[in-house]
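Convention: sequence-line order gives letters A, B, ...; per-chain numbering from 1.
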There are 2 protein chains.
Amino acid sequence: MDRKLAESLSVDCVLFGFDMEKLNVLLVDRVLKDDNDTIIFSDLTLTGYHIYKDEDLNSAAARIVKDITGLEGLVLEQFHTFGSLTRLQRPNDQLWSKQLGDAISDRVVSVGYYSLLPNTDIEIIQKGRIVNWHPVSSVKNLAYDHEQILKKALGHLRYKLQTEPIGFELLPDKFTLTQMQTLYETIIGVKFDKRNFRKKISQMNYVVALNEKQTGVAHKPAQLFMFSREVYEKTRKERFSFFT
Amino acid sequence: MDRKLAESLSVDCVLFGFDMEKLNVLLVDRVLKDDNDTIIFSDLTLTGYHIYKDEDLNSAAARIVKDITGLEGLVLEQFHTFGSLTRLQRPNDQLWSKQLGDAISDRVVSVGYYSLLPNTDIEIIQKGRIVNWHPVSSVKNLAYDHEQILKKALGHLRYKLQTEPIGFELLPDKFTLTQMQTLYETIIGVKFDKRNFRKKISQMNYVVALNEKQTGVAHKPAQLFMFSREVYEKTRKERFSFFT
DNA sequence: ACAAAAGTGTTCGATATACACCCATGA
DNA sequence: TCATGGGTGTATATCGAACACTTTTGT
C-alpha cells in the first residue's frame, strides 16, 4: 500500500455492544515487547488508525473498523473531534510511537465515531490483532486519551438513546420487551416500571409484535418484537421542544 | 509569525447573531482580483483559518474568531468535522488557493464550531477583512462547502435550543418575554401562544424579572428579564427521556 | 407443585392546549 | 384619543407515576 497518510489525522471508533446484561466496548490489545520478547507494557486502544489522504472521514472510519474487526455495513456516527496537544504524550504512547518508527511525535487530531451492535449476534474476526469486548463500566488501562473519547461517546450514546430510537441497533433483530427495558435501564441508569414502560412502547407503532415467542426458557415465554424502520420514518414526530 | 501550520487542518466558526427579528450569521467577504484590480469573483466565507501545530482545537477556534472579528471570550462549541475530498475543489476555491500561493491543493479537514451572540450588543472590529452580518434565511454565494457547514450548524443550534437554555446567549443581558418568544419562533419556526409561553417561562426560575421596564416604546413598556446561570445550574433537571 | 419471568388496568396529579379581553404608554 | 404591543386566567384533554396480582412455561 503506497497511499499517503494525512499526517496528523486519525479516526477512532467506539464500538458499543450490548449482551442483555451490560454495555460493552470493543477494544484492541496493545502490547509492546523488547527485543527479547519481554513485555514492556500492555494496554488497550479503541479501534483507530490514521486517515489516508485520498479518503474522506466516513470512508476512513468504515475502512478502519473493517480492517480491525472484519465488520462491514455498520452505522458509524461522528460525535466529536479530539485535538489536545498532549493526547499522545504519555510515556507508553511515546514508547509505542518510537518502536513503530512512526515519525509522528507531533499532535495527531482524531475524529471520533461510534457505532452500536448487538454483541450477541455479531462475530468479530481477529485480523492480526487481539480484539475483545470489555464491559464499559469497568474499562481501564486505555491508551492515549481513549478514556476521554470513550466517555464522550458514552455521553452521546445516552443522549441519543433518549432522543431517538437507536436502542434497537443494540438489540438482536427479534427481542423481548424485557430485553429492551433492560437495555435502557442499563445504559441510562434508571429503573422503569414494567407496566408504564410497556404502555409507552405500545404507543410506538414502529415496535411491532411478531407471531413468535421465546423458546427454551424455564418460564412463560415472552412475545418477540422487531423494530420497523419504515414505520418509524413514516410516523416520526418533530423534535421535542424545550417548551412543550 | 513562524509557527508551522498543521497541514490539512482548519477550523471554521459559525457565528450566529439575533437582532430581534431574524437569525444572522457573520460572514467574511472574499474577493479575488487580477493584476489590474478587476474583480474575478466575489463570495463569502465563514470565519475560518488553518490550525497551527502548537495549538489545540479550542484555542485555534478562539484565536481565529479574535483575529477576524476582534471578539473574545465567546462560548464556542464544536459541532462537526468536515472532511469530504471535494470540499475545496470548486473552481473559485481553486483559483483562490492558487492566487494565495497556498501549496494546499489537497483536501483540508475542517473542524466546525459555532457560537451565539446578540448582534445588537456586539461590535465587530474589522481587522483587515470585510465582515458583515447576513440573514441566515437568505445567505447565498458561500465559498467551499460552507453552505453545508452552516446548515449543519443550524441543525445543531435548533436542536440545542430545544434542549438547553442557550437561547439567552442570543439575547441582550436584559430582554423582554416577547423578544424571547420571537427568538424561539424565528429559529425553530413555530408560533407559540403568548399566555402558554409565559406560563412556561414563569416555571423557569432561572429567568428572573428585573425591577426595570422598557423605555422609549410607543406602547405599554415591557418588563425586563435576565437569565441567571447560577439558578439554572443549581436547579437543572436531568435530561429529557425518550420515554417519560 | 414450584420457581421464574410474562403480562395486564386503574386512579391521581401534572402538564399541555385552546382561547379573548383590558392595560399602559407615546404620538 | 388612538394605535401598539403588554399582560393576564380558566376549562379540558393528555400524559406520566404509582401500584399488585394472575398466567404460562420448564423442571
Side-chain angles (χ1 to χ4, degrees), chain A residues 19-21 161-163 165 171-172 174-186 188-205 207-226 235 237-244, chain B residues 19-22 120 162-163 165 171-172 174-186 188-205 207-226 235-244:
Chain A
D19 61 10
M20 304 304 172
E21 284 185 1
L161 209 57
Q162 287 164 300
T163 259
L171 292 169
K174 300 171 181 183
F175 53 86
T176 70
L177 295 183
T178 300
Q179 290 171 341
M180 184 172 166
Q181 185 174 343
T182 306
L183 186 156
Y184 278 87
E185 289 179 341
T186 309
I188 303 175
V190 220
K191 286 281 174 196
F192 297 104
D193 174 85
K194 186 161 58 159
R195 278 171 291 188
N196 293 338
F197 185 88
R198 291 158 110 98
K199 219 182 301 166
K200 194 84 199 175
I201 302 300
S202 69
Q203 290 160 223
M204 302 176 181
N205 47 7
V207 178
V208 312
L210 301 168
N211 287 327
E212 218 177 320
K213 290 181 183 259
Q214 257 184 332
T215 53
V217 287
H219 54 76
K220 179 170 173 178
Q223 172 75 245
L224 290 173
F225 289 81
M226 62 166 285
T235 62
K237 299 193 203 71
E238 284 315 306
R239 268 292 145 50
F240 307 142
S241 158
F242 179 46
F243 294 107
T244 114
Chain B
D19 61 9
M20 304 304 171
E21 284 184 2
K22 58 193 169 349
T120 46
Q162 285 163 301
T163 259
L171 291 170
K174 300 170 182 183
F175 53 85
T176 70
L177 295 181
T178 300
Q179 289 171 341
M180 183 173 167
Q181 184 174 345
T182 306
L183 186 157
Y184 279 87
E185 289 180 341
T186 309
I188 303 175
V190 222
K191 287 281 174 196
F192 297 104
D193 174 84
K194 186 162 55 158
R195 278 171 293 188
N196 294 338
F197 185 87
R198 292 159 107 99
K199 218 183 300 166
K200 195 82 201 176
I201 302 299
S202 68
Q203 291 161 223
M204 302 177 181
N205 46 8
V207 178
V208 312
L210 300 167
N211 288 325
E212 218 176 320
K213 291 181 183 258
Q214 259 184 332
T215 54
V217 286
H219 54 75
K220 179 171 174 179
Q223 172 74 247
L224 291 173
F225 290 80
M226 60 166 287
T235 61
R236 57 144 84 244
K237 299 194 202 69
E238 286 313 307
R239 270 285 148 53
F240 307 142
S241 157
F242 178 45
F243 293 107
T244 112

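- With sequence neighbours excluded, the residues satisfying side chain to side chain contact (heavy atoms under 4.5 Å, CB included) with A:M20 are A:F18, A:L171, A:P172, A:Q179.
- With sequence neighbours excluded, the residues that form a side chain to side chain contact (heavy atoms under 4.5 Å, CB included) with B:T178 are B:T176, B:T182, B:R198.
- With rounding to whole Å, B:R198 atom CZ is found 17 Å from C:dT17 atom C1'.
- OP1 or OP2 of C:dA5 has not a single side-chain nitrogen or oxygen of A:T178 nearer than 4.0 Å.
- Here C:dT17 presents its P atom at 13 Å from CZ of B:F197, a figure rounded to the nearest Å.
- Closest-nucleotide positions on DNA chain D for B:T176 and A:Q203 were compared, and the one nearer the 5' end corresponds to B:T176.
- Atom NZ of A:K191 and atom P of D:dA17 are 16 Å apart (whole Å).
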Q: Can you check each nucleotide of nucleotides 19-27 of chain D against protein heavy atoms at under 4.0 Å and return B for base, S for sugar-phosphate only, - for none, in 5' to 3' order?
A: BB--BBBS-
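- A:M180 places its CE atom 20 Å from the P atom of C:dA5, with the value rounded to the nearest Å.
- A distance of 12.0 Å separates CE in B:M204 from CZ in B:F225, rounded to the nearest 0.5 Å.
- Regarding B:Q214, its CD atom lies at a distance of 12 Å from the C1' atom of C:dG26, rounded to whole Å.
- Residues meeting the salt bridge (Lys or Arg N to Asp or Glu O under 4.0 Å) test with A:D193, sequence neighbours left out: none.
- Qualifying salt bridge (Lys or Arg N to Asp or Glu O under 4.0 Å) partners for A:K174, counting only residues two or more places apart in sequence or in other chains: A:E212.
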Per-pair distances, 0.1 Å, donor-acceptor, side chain in residues 214-222 of chain B, under 3.5 Å, sequence neighbours excluded:
residue, atom, partner, partner atom, Å
B:Q214, OE1, B:A222, N, 3.1

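- Per the geometry, CD belonging to B:Q223 stands 14 Å off C1' belonging to D:dT8, to the nearest Å.
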